[in-house]
Structures are given as C-alpha cells and as structure tokens.
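Read the structure below first, then the notes.
Below, read A as the first sequence line, B as the second, and so on, with proteins coming before strands; counting in each chain starts at 1.
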Number of protein chains: 2
Amino acid sequence: MDKVDITQVATAKEAGYLAHIAYDSVIFGFDGKQLKILISEYHNTKLFALPGGFVKINESLDDAVRRGLRERTGLDNIYLEQFHVFGSLERYIPETMEMIMKGGGHNPVEDCWLLDRFISVGYYALINYESVNPQPDELSDSCCWYNIDQLPTLMQDHTMIVAKALETLRDNLDKKLVGMNLLPERFTMKELQTVYESILGQEIRRTTFQRSMLAKGILNRHEKQFSGKSHKAPFVYSFKKDA
Amino acid sequence: MDKVDITQVATAKEAGYLAHIAYDSVIFGFDGKQLKILISEYHNTKLFALPGGFVKINESLDDAVRRGLRERTGLDNIYLEQFHVFGSLERYIPETMEMIMKGGGHNPVEDCWLLDRFISVGYYALINYESVNPQPDELSDSCCWYNIDQLPTLMQDHTMIVAKALETLRDNLDKKLVGMNLLPERFTMKELQTVYESILGQEIRRTTFQRSMLAKGILNRHEKQFSGKSHKAPFVYSFKKDA
DNA sequence: ACAAAAGTGTTAGTGGTACACCCATGC
DNA sequence: GCATGGGTGTACCACTAACACTTTTGT
C-alpha cells in the first residue's frame, strides 16, 4: 500500500503518518462455542501482538483503525469502540520495535520515528467470525484466532490492553447490543447465552437468561430449527432491525 | 515554568513535548447548588476553551494531566478519569491556534509545531469546589467556574467534549463514588441528592433516593446539623473510608 | 398554630432466582 | 420408553415507586 518504506525515513511526516500516536485493536469473534481474538506474530521474533497501526496525516483516528481492520479482515462497517488510551512511560521499549523491524528484514534508519515513544489508543471490534479470513500484515507471519483464555504471552502491555478491552466489553454488555455483532444473522437462545457466558467468564442460569432476553423486546422469533439432535428443536432468533 | 517559549520553536521535541498529542480536561465542581466546570478565556480573542495541555517527552499521559490540574487548581490527588479520544480531522483548525498565540502576544515561528494537527484525550476531574482558587495559565485571561447549563460558546469541538464528559459521568454515577469527590467531608442527604440531580439533569424522588443511598451501606451518619432554618434539622453524612 | 423540610412506614409493582414441570426429538 | 435439551409456570425475594404519615424546627 505505502510507497515509502516506513522504516527508511527518519520522521513520521516523511512516512505520511502522525508521530507518537498509534492504535491497538482487540478484535473479538465468536466461533459458536468460545470467544476469540486476533493476534499477530511478527516474523522471526516469536513476538505476539495485537493488530495495530498508525494514523495518516490526513485521516481521522477512527478511519485509521477501520483501515487497519479492513486490511486484516476484509470487512467494512465493523462495530468499533474506543476503550482506553495507554500513555505510560513503561510501554516505551524501542528495543522491541527494533527487533520487529529487523525480524521483518528492515534495518531502520538512524533516529527512525518508529523507535520514538508512542501513545496508543485501544479499540475493540466485534466481528462475525464466519465471514473473515484473517490476513497478516507486512511484518507479520500470521494473524489468527486465539481463545480468549488461551492467549500466548503478548509483547509489552498488550496483555493488559486485552484485559481492559474485555472489562469494557463486560460493562457494555447490557447497554450495547453486543450479541448482534458477534453472531450470525440467525441464532438460537443457547448460542446467545454462550456469548454472554464467555464474555462474563461465568455461567448464567438458563431460564433466567431466556426470560430476561425476551423481556427486552429486541428479538424476533422465527420457526424452529431441526438440528437432527435427539431433543426438542430450539427456536431461532434474530435481532430486530431498529434496535 | 518552561524555559523555552513554546511558540518560538518549530518542533515539539525542541519544546520538550510530544507532537500531535494534547489533552482537554473537564473539571467538575459543585457549589452546593449547581454543577459547574472550569473554563479558560484566552487573551484578546473572546475564545472560551477547556483547560488543556501537552505531554512532556518524559512524562506519562496521566502525569501530564495531573500537572495541568495542579497548575490551575493547586490541588494534588485529584479524582481523574479518561473518557474519550477526539481524533477527527474537523478539529484541526490552525487559524484558531494562531489567533490564541497572537492574542497572547506570541508570534509563532514558521511551521510551529503548535499549528500542527492534534489528537486530544478527554479527561474529566471531580474536585471539591471550596478548596480551589482557579488560576489562569499564561495564555489565558481567566479560568473560572461556569454552570454546566450556562456555558459560553466554546471553541472548536469543546462543547461536544463537555457533552461526552457529562454523559460518561452519568454512566459512572452508580459504579464510582462520584459524590465523594464533589462534596466536602460532611454533607446532608439533600446536598448529595442535588449532586445527583444536577448530573442527571432530572429530579429524583426524595424518599426513594434516601432509601437507596442508605441501602448501599457506604455512608456514615453523624449527629444532626442545626441550620437555623425553620424545619427539622437533617442528619449529616460522610462516606465510609474503605469504600 | 403553622409552614417547611426531614425521616419513616406501608403497599404495590417489577424483575431476577430457584425449582418444577412439560414438550419435542432421536435412539 | 428414555435420555437430552428446550420452553414455560409458579412461588419467592430484593429493590424501587408512590403515597401517606409523623417529627422537628423557627416564626
């Protein structure tokens, strides 16, 4: 995409980006059973990290994050929310950044802007797991799904960033229609419950959950789904459009 | 404080700050009757703005905000919370920034870093109104309290920033002990109720409020206060320390 | 005595919990 | 029939709403 090699210029301006500002995205998906997030692994470094990026000079912060998501997932119109800014001094570790660049075969120029201190804005995204084929970026070997409770050790403060994202997601569970973005168009009550359980990290009473969800009046009930299992077929639901 | 005139250097680095990153603070206070915030007016411009500032190269984002609050209020240990990052392109209006500097008697150098685009992190603070004597900064004529519903027209997107701060404060009312930071050590139930009402912007039923607050178990009740008014003297309360 | 504001009791409604029970399906 | 999982009815509990009532104080 970029015509210049961003590791071969000294200033952010030459590279076309704003200095000192980055974003990290925690991209949640749900495979029907478990909550997962996308993690990148950088070439030849054994470093695992959240997908992140920088803001172009003529681009809003939100657009920068959307651009990064589009490059990695192919999706547009993603549900996206800011949750925290990470601006401590401890997260400034130029050695790590240098390792990543060298691992990718780029030897950064003297005083390269990428080795400066960055303040990072944390975003979380909710996407439909089925409709995505994750793509690694230029510096990464892979970009794949990891269960939220089986993450590899992440670089810098990224483990804390994930924890904060999950915490915010929990707080927003009732306010925003989280399930709508993580589930396919039609789903069973059991699937919706599993989404809630994996976000909250605890079991929910089946009967209570069913009643409280229906009481919200945000679901449409459709004809039953015959699964071939030896038990009663569940109703299938979808979210009401106007909600 | 600063030895260099920050308007007379081209790069943020020379001034000792990070480029492109600012903060704006919405500082809430409560005078016993109404919710107020601190607003600065710049010299000779008729521009009203939120108190804001920049991040030094060797300073965390949180510390930068605390430093700014200390300079304006004299207070340390302020209750502080991030609420949103404002990173749109529309907020980049270098002409306004130039007016402010010229109004303050500073003629910025060519390509001054202060005329670049900034992404701003919004913080809100809760402080004890009585213990503060607001101080204007170098570029401001004044820094004073305005009722939240009688603000002057603010520059750029600052009106929206205030709205977002208030919205976040509302959402956090039950989660965080907001009253503790806005009220003096001891207060009546009526005062606490007025804080809640002015944040929510609506009246609350007196009896319900009293019962729900007491049910939380976070208040200590002290001897009654004789106000000299012709009615029953109210109890005085304080927040429990461990909460 | 009266007005004003504080504090409490009483009843009803709402929404979650716990448990029981019935229903549909494939073996 | 039976195991399995889905859906609903019922009794109970906690919290809030609405309203009435009593208490305390200064004039």
Side-chain angles (χ1 to χ4, degrees), chain A residues 32-34 170-179 183-184 186-240 243, chain B residues 30 32-34 170-171 173-175 177-179 183-184 186-239 243:
Chain A
K33 297 198 171 167
Q34 286 182 294
R170 273 179 199 158
D171 288 345
N172 289 346
L173 201 44
D174 290 323
K175 284 182 267 181
K176 328 241 166 160
L177 292 174
V178 168
L183 288 168
R186 301 204 165 190
F187 50 89
T188 65
M189 190 60 81
K190 174 70 178 172
E191 287 169 331
L192 183 59
Q193 182 176 342
T194 308
V195 169
Y196 272 66
E197 286 178 336
S198 49
I199 291 172
L200 294 173
Q202 60 181 25
E203 297 193 351
I204 306 174
R205 269 159 262 278
R206 180 179 62 95
T207 55
T208 305
F209 182 77
Q210 164 123 312
R211 245 185 286 259
S212 67
M213 279 298 139
L214 293 178
K216 284 188 205 297
I218 55 172
L219 296 179
N220 286 319
R221 176 180 280 187
H222 305 286
E223 77 291 344
K224 297 190 176 188
Q225 180 191 59
F226 292 85
S227 62
K229 299 282 177 58
S230 62
H231 56 74
K232 193 174 182 175
F235 286 113
V236 177
Y237 297 88
S238 65
F239 284 97
K240 287 186 181 170
Chain B
F30 182 73
K33 297 198 171 167
Q34 287 181 293
R170 274 179 199 158
D171 288 347
L173 244 191
D174 290 323
K175 282 181 268 180
L177 292 175
V178 167
L183 289 167
R186 299 203 169 193
F187 51 90
T188 65
M189 190 60 81
K190 174 71 178 170
E191 288 169 332
L192 183 58
Q193 182 176 343
T194 307
V195 170
Y196 272 66
E197 286 177 336
S198 49
I199 291 173
L200 294 173
Q202 60 180 28
E203 297 194 349
I204 304 174
R205 269 158 264 280
R206 180 179 62 93
T207 55
T208 306
F209 182 78
Q210 164 123 314
R211 243 185 287 257
S212 67
M213 278 299 140
L214 293 178
K216 285 188 206 294
I218 54 172
L219 297 178
N220 286 319
R221 177 180 278 187
H222 305 285
E223 77 292 345
K224 296 190 178 193
Q225 178 189 59
F226 292 85
S227 62
K229 299 282 176 58
S230 62
H231 54 75
K232 190 172 182 176
F235 286 113
V236 176
Y237 298 88
S238 64
F239 284 96

task = Looking only at non-hydrogen atoms, find the nearest pair between L192(A) and G179(A) and report the distance.
result = CD1-CA, 4.3 Å

key: Integer-rounded Å distance: dC15(D) P and M213(B) CE   = 14 Å

query = Expressed in angstrom and rounded to an integer, what is the separation of K216(B) atom NZ from dC15(D) atom P?
reply = 11 Å

Check nucleotides 24-27 of chain D for protein N or O atoms closer than 3.5 Å to its own N or O atoms and list the pairs.
{"from": "dT24(D)", "atom 1": "O2", "to": "K232(B)", "atom 2": "N", "distance (Å)": "2.7"}
{"from": "dT25(D)", "atom 1": "O4'", "to": "H231(B)", "atom 2": "O", "distance (Å)": "3.3"}
{"from": "dT25(D)", "atom 1": "O2", "to": "S230(B)", "atom 2": "O", "distance (Å)": "2.8"}
{"from": "dT25(D)", "atom 1": "O2", "to": "H231(B)", "atom 2": "N", "distance (Å)": "3.0"}

request  = Would you please test R170(B) and L173(B) for side chain to side chain contact (heavy atoms under 4.5 Å, CB included) and show each step?
outcome  = CA-CA 5 Å; R170(B) 274 179 199 158; L173(B) 244 191; 5.6 Å; no

Sole residue of E203(A), E197(A), M189(A), K190(A) in side chain to side chain contact (heavy atoms under 4.5 Å, CB included) with F209(A) = M189(A)

Side chain to side chain contact (heavy atoms under 4.5 Å, CB included) evaluation trace for M213(A) with Y237(A) = CA-CA 11 Å; M213(A) 279 298 139; Y237(A) 297 88; over 6 Å; no

Whole-Å gap separating P (dG5(D)) and CD (E191(A)) = 15 Å

query = Hey, which of these two, F209(A) or M189(B), hits DNA chain C nearer its 5' end, going by closest nucleotide?
reply = M189(B)

ask   = What pairs with K229(A) under salt bridge (charged side-chain N to carboxylate O under 4.0 Å, His left out), at least two apart in sequence or on another chain?
value = none

request  = For T207(A), report the nucleic acid contact type (base, sugar-phosphate, nothing); a contact means any heavy atom under 4.0 Å.
outcome  = base

remark   = What one should report as the nearest heavy-atom pair of Q193(A) and R205(A) is NE2-C, 4.3 Å

query = How close or far is atom P of dC12(D) from atom CZ of R211(A), stated in whole angstroms?
reply = 15 Å

ask   = Could you state the CG-C1' distance from D174(B) to dT16(D), rounded to the nearest angstrom?
value = 13 Å

query = Is the side chain of Q210(A) donor-acceptor paired with the backbone N or O of T207(A) at a distance under 3.5 Å, no angle test?
reply = no

key: For chain A, the stretch of DNA chain C it reaches, first to last nucleotide, under 4.0 Å of its heavy atoms   = dG16(C) to dG26(C)

request  = Measure the distance from CZ on R206(B) to P on dC19(D) and round it to the nearest whole Å.
outcome  = 14 Å

request  = Would you please test L219(B) and F187(B) for side chain to side chain contact (heavy atoms under 4.5 Å, CB included) and show each step?
outcome  = CA-CA 11 Å; L219(B) 297 178; F187(B) 51 90; 4.0 Å; yes

